[in-house]
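Chain identifiers are assigned alphabetically (A, B, ...) following the order of the sequence lines, protein sequences preceding nucleic acid strands; residue numbering begins at 1 within each chain.
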Amino acid sequence: MYEHDVIVVGAGGAGLRAAIAADEEGADVALVTKLHPVRSHTGAAEGGINAALQEGDSWDLHAYDTMKGSDYLGDAPAIDTFAKDAPEEVIQLEHWGMPFSREDDGRVSQRPFGGLSYPRTTYAGAETGHHLLHTMYEQAVKRGIEVYDEWYVTQLAVTDHDDPEDRVCHGCVAYDIKSGEIQGFRANNGVILATGGLGQAFDHTTNAVANTGDGCAMAYRAGVPMEDMEMIQFHPTTLPSTGVLISEGVRGEGGILYNDDEERFMFEHGYANNEGELASRDVVARAELTEVNEGRGVEDEYVDLDMRHLGEERILDRLENILHLAEDFEGVDGLDEPMPVKPGQHYAMGGIECDENGETCIDGLYAAGETACVSLHGANRLGGNALPELLVFGARAGHHAAGKDMKTAEIQTGPSAKSEPGDVQPPVEPGAIDAGSDDVAADGAAVEPKAVLESTVEQERQRVETLIESDGINHAEVRADVQETMTENVNVFRTEAGLEKALQDLRTARKEYENVAVEDPSRTYNTDLIHTIETRNILDVAEAITLGALAREEFRGAHWRAEHQERKDDEWIKHTMLAWNEGTPELYYKPVILEGDEETYEPKVRSY
Amino acid sequence: MSQSYNRGTVEDFGRWREFTAGMWAWIFHKFTGWVLVGYLFTHIAVLSTAVGVDPASAQAGSDLYTSTISGLESLLIVRFLEVGLLAVAVFHILNGIRLLMVDLGVGLESQDKSFYASLLLTGAIVVASVPTFLGGKLA
Amino acid sequence: MAEHYSSFDRGGRRWLFQRLTAVFLVGVLAFHFMLLHFVNHAADLTFLGTQARMNRPWYLITMWLFLVTATFHGVNGVYNALVNQGLTGSRKNAVKYLLGIAGILLIVQGTRVSLAMTTLV
Amino acid sequence: MSTQIEQQETETEADEETEPEVESPGDRRRAQRDERQAQEQAQREVEEETLDDEDTITLKVFRYDPEVEGKQEPRFDDFRVPFHKGMTILDALIYARDHYDSSLTFRHSCRQAVCGSDALFVNGRQRLGCKTQISELDDPIRIEPLPHQEVVKDLVVDMEHFYDQMEAVEPYFDADETPDDKLEEQRQTRENREKVKMSTRCIWCGACMSSCNIAAGDNEYLGPAAINKAYRFAMDEREGENRKQERLRIIEQEHGVWRCQTQFSCTEVCPKDIPLTEHIQELKREAVKNNLKFW
Ligand SMILES: Cc1cc2nc3c(=O)[nH]c(=O)nc-3n(C[C@H](O)[C@H](O)[C@H](O)COP(=O)(O)OP(=O)(O)OC[C@H]3O[C@@H](n4cnc5c(N)ncnc54)[C@H](O)[C@@H]3O)c2cc1C
Ligand code: HEM
Ligand code: SF4
Ligand code: F3S
Ligand code: FES
């Protein structure tokens, strides 16, 4: 068993920032991560980091933009804290040596970004995330922070009180991928989950293969509610075979979208008569899919993004990176032919419910980064707002877990924050096949930290043993089924029938999962095993997403419902919450907080 | 801990087919360098016959030094070896110049081309010198 | 944690000398080859001819410098090559001294030979 | 066609798992597994037969597992994978794993050449699996783990040594002084940022280190990636003169820059096109200049 004051699970931007923060407070902190830190998906971010740095800009403008962007589903305390802390965090990155792009006077450059009223996006070329990740990992090395890399966290060690709000998290259990060893990690002060996105619930995503929503699933099963899971952002231009992102810049420069009949469908089919290709992400994504669904897709799958008319010179000057991406990942020469694109899952706005200090309703359990939902992004995330979120809330979680005195959070967490029960009628029973059987809060009255940890370790050893020893089907089939139905039914377009179909398919997949087994008998670097466990997590988050989507009968931000074509502010300015409830998920609602420090945000029509 | 398997020499020179220009240049430079040191030692050894030559026999051209050298030079094989030595030396010089340029940061992008150029030039110089080396009286 | 290498035998000096000697050698070696194979054919060499050349002080000094630089360059090159291939510890030390001694012997013998070629001693 | 070999192998693997024991639930499961594997094998053969030759490629993949008896002696397995336009080596490996053999092991994550997980030795050259189009390669495609690194299993190599070397150059920004004001950035000229730009692109994939013959021979050699890392900081004007001196001290140790024999292999294989040899050479000159001041 390993023991530290603070255990940070995940070493992307959020995890690293949290670990450095805890270290700053003098805590003994360790990072436990299934990938070496520099392999985290934060490295893939291209665009930039928002922060109000310049004179003429201010944190409240940033907060206002963020609230508006969230379509009034963000919580004001989270948004205000975020906008206030972001500038210092970004400058701190600069002090840590991040190679930001510069102005002539040597200051950090800032550029305009969608949905921002001021050019406040700092960036480092088109590789902002890469530089952020590496700069922060380097600072972690400088501080000698312990890293357990290629250790896969499989479960949280939580006491088994009935009410999740009484539970305490004492650590987690992890599996050393290289040796196959299973160990308990005891956290004296707290565990911070920073496990990133859940894009692998979909079969077409800009997310990494490792983004399987492990943190969400583990916290969910441990009793922390999931918040606004239905809010998934889809990006309209990703490469069909890999999901690699083709930046909005192509359309910004004048790139045109064509269907198979070579029609400029954004105009010709009236999706956006004014803005055309430059309409907002969700509009374009829906237009593309409509084309494909109506049989006008190229190879019935995608549409073409053409930039040839821009001329070689301009392309090389401003979009060179895109040429490389299309060439390397799709085998297409953008100077010669149009590039195939289709919408892809991009970001999860929802996640583990937590407050401004990263605390969840379980004592000693924190969440930060994409896996968390402080509710900063609400129903729609603005470009460039995720990276500063990692910094701001990563740091806050780290500081708090290490014992720093901080302002009491205004956001309420846990089932006690419920304002009304949910009403969702799933066509099949959601949740665990055999409710209560594999919960973290295991049977027995373990409360004492060591005992909690030991019993969780034992449980995980059993799970691994069974998976390897038994005989069954390959998880890959189950995973593929989940991804397929999610992309088919819980995509950009959501109909009641589709969502119900998805829940049925997920149920079937869950039953199938009961029969999975790991074929590879080896304890050495058994990725078959890891992926099999991940698939379980994918199932849990996919179901949570779908349940939320079925419940929310309105069109808000990224969430579009065929039967409900408008934003219903009277009824739906509330968060959809999902409690695992020992395997029988329960949906309820929690109010959105619109009273900010400076003003109370008034929901307005979101148009740009 | 997992033990691991060492793939041994396959990894090094078993892969020569996959080497690129810079690698070949390195190998050739190494090889020619070693030949040159080898030669340097031998050369001094041969020249050592000059020690203790008495002036009289030198006048007659029958001293050990003169006769050793002309003796060696009368062997055709030695003449061929000398051509080889020339090739080795010329390549080492030309590639040495290439390396000095690399050290100075000049023309790094065309390092492969300069290597091929060294090879070609070496070939040309050697071919051009063959008559001189193999010519001259053998006896 | 990463180990910290602090062997302060900073290889820089030998590296620099290898380049400096190389520059010198380019000229002298080419000259040497030209003189003894093209201007005077090797086969026609005689002790007296050699003596005549070696008696010129600038030639003698050049040849001697040629010897010294070539020896340093060659021996250092060989040493480097071996170290690059991962020679370490006592074997490395052994090679270092062996090559050092060989180099010195070569220079000593070379010096003796070149002096013997002159009428200076 | 190589399914033959495949079949044999699968059988041997299965055999070994059966320990001499009286009938137990485990045995039964194993027996079932054998049976199912045989079925799957048959199915797979059918599947492969029906694949049109035109549209398939053959992967020859290095296999090794220190624990599994049939794999202790390294071998190559053949996989026939259907080809589609835009397919990368990584796609093909994933296909082979998910359809034929779930124990096929390799690292991968981002699928877009930023995480640096999947540097592999493909047809004799270090390449990122996700960034290598199959259409550019000759069939059959030979895929091996990175040379000069210890193999953990199949295509996974031990990266510890590489990480150690990276960390040995104190790879973190450490300015002599930073502004007191928490909202005041350090200034950096555009030229200076341009100068370090390429060096900051490294994704720690290890391809360069694996291609360098010197790094293969001399375990203590810092290697191209680590030296490039040192370059990234030594050349960053924000750090200040004192730190630069310390950085030069690190790279000019015996196993630092001087070991580089300008083989250029590192520069050729770097998936991020970092001019590694150039950076190393510049540091050599920088170190010499610096020392000349003291001589
Ligand atoms: C292509 C792309 C472009 C983007 N561009 C931008 C942009 O321009 N601006 C912006 O603001 N945002 C952008 N985003 C969003 C932003 O990059 C992400 O939201 C953010 O990086 C997530 O960071 P993270 O630290 O939460 O997670 P990650 O960086 O994904 O890190 C997750 C970590 O958790 C670890 N982990 C996961 N599961 C486990 C487990 N079970 N056990 C142990 N460890 C585990 C992983 O090893 C990893 O270290 C982009 C996203 C994508 C995909
Ligand atoms: C004539 C001009 C010469 C030039 C320009 C030259 C250049 C060089 C250079 C630049 C190197 C260093 C390679 C490196 O470390 O990367 C080198 C190595 C070497 N040189 Fe020379 N050299 C010359 C003559 C000689 C002579 C006359 C000898 C023989 C005594 C010689 C023997 C060597 C040896 C043994 C090496 C080491 C090879 C290795 O790495 O294994 N060189 N040469
Ligand atoms: S320098 Fe290039 S090849 Fe080497 S680790 Fe970095 S990215 Fe990979
Ligand atoms: S391959 Fe090695 S020798 Fe130098 S130029 Fe690159 S580090
Ligand atoms: S999978 Fe990330 S670099 Fe290839």
Heavy-atom pair count under 4.5 Å with chain D, highest-scoring of [options]:
| options | value |
| --- | --- |
| A/H41, A/E127, A/R479 | A/E127 |
| A/M98, A/Q92, A/E103 | A/E103 |
| A/V108, A/V244, A/V90 | A/V108 |
| A/V38, A/V209, A/N211 | A/V209 |
| A/S40, A/S241, A/G129, A/A44 | A/A44 |
| A/A124, A/S109, A/S101 | A/S101 |

Under the salt bridge (charged side-chain N to carboxylate O under 4.0 Å, His left out) test, residues paired with A/E330 that sit two or more places apart: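 So A/E330 forms no salt bridge (charged side-chain N to carboxylate O under 4.0 Å, His left out) with any residue.
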pair A/E94-D/Q188: side-chain heavy atoms closer than 4.5 Å: no
Heavy-atom side-chain contact between D/K71 and A/S522 under 4.5 Å: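 No. Closest side-chain heavy atoms not under 4.5 Å.
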Residue pair A/D520, D/K153: steps toward the salt bridge (charged side-chain N to carboxylate O under 4.0 Å, His left out) verdict: CA-CA 12 Å; A/D520 188 349; D/K153 172 171 166 183; 2.6 Å; yes
Engaged part of [X] at the chain A interface, taking heavy atoms whose separation is under 4.5 Å:
| X | value |
| --- | --- |
| D/R111 | both |
| D/E191 | neither |
| D/T178 | side chain |
| D/S135 | neither |
| D/K197 | neither |
| D/L128 | neither |
| D/D174 | both |
| D/D98 | both |
| D/R201 | both |
| D/M87 | neither |

Which portion of [X] sits near chain D, non-hydrogen atoms under 4.5 angstrom:
| X | value |
| --- | --- |
| A/A476 | side chain |
| A/H531 | side chain |
| A/E150 | side chain |

Listed partners of A/H36 passing ring pair (Phe, Tyr, Trp, His ring centres under 6.0 Å), at least two apart: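 With neighbours one apart ignored, the set is A/Y137, D/Y163, D/W204.
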Steps toward side-chain contact (heavy atoms from CB on, under 4.5 Å) verdict (D/T200, A/H134): CA-CA 9 Å; D/T200 60; A/H134 282 255; over 6 Å; no
Exercise: do D/R107 and A/Y525 side chains pair donor with acceptor under 3.5 Å: yes
Under 3.5 Å side-chain donor-acceptor pair for D/E67 and A/T524: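 Yes - a donor-acceptor pair under 3.5 Å links their side chains.
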Closest contact, heavy atoms only, A/G97 versus D/R232: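 For A/G97 versus D/R232, the nearest heavy atoms are O-NH2, 2.8 Å.
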Contact leader toward chain A among D/D91, D/T189, D/L183, where contacts are heavy-atom pairs under 4.5 Å: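 Max contact count across the listed options: D/L183.
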Choice from D/R97, D/M159, D/E185, D/Q133 maximising heavy atom contacts with chain A below 4.5 Å: D/E185
Full working for side-chain contact (heavy atoms from CB on, under 4.5 Å) between D/K85 and A/V332: CA-CA 9 Å; D/K85 185 165 187 249; A/V332 164; 3.8 Å; yes
Donor-acceptor contact present, side-chain D/E170 to main-chain A/K142, <3.5 Å: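 It does not hold such a pair.
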Donor-acceptor under 3.5 Å (A/R39 side chain, D/I203 main chain): yes
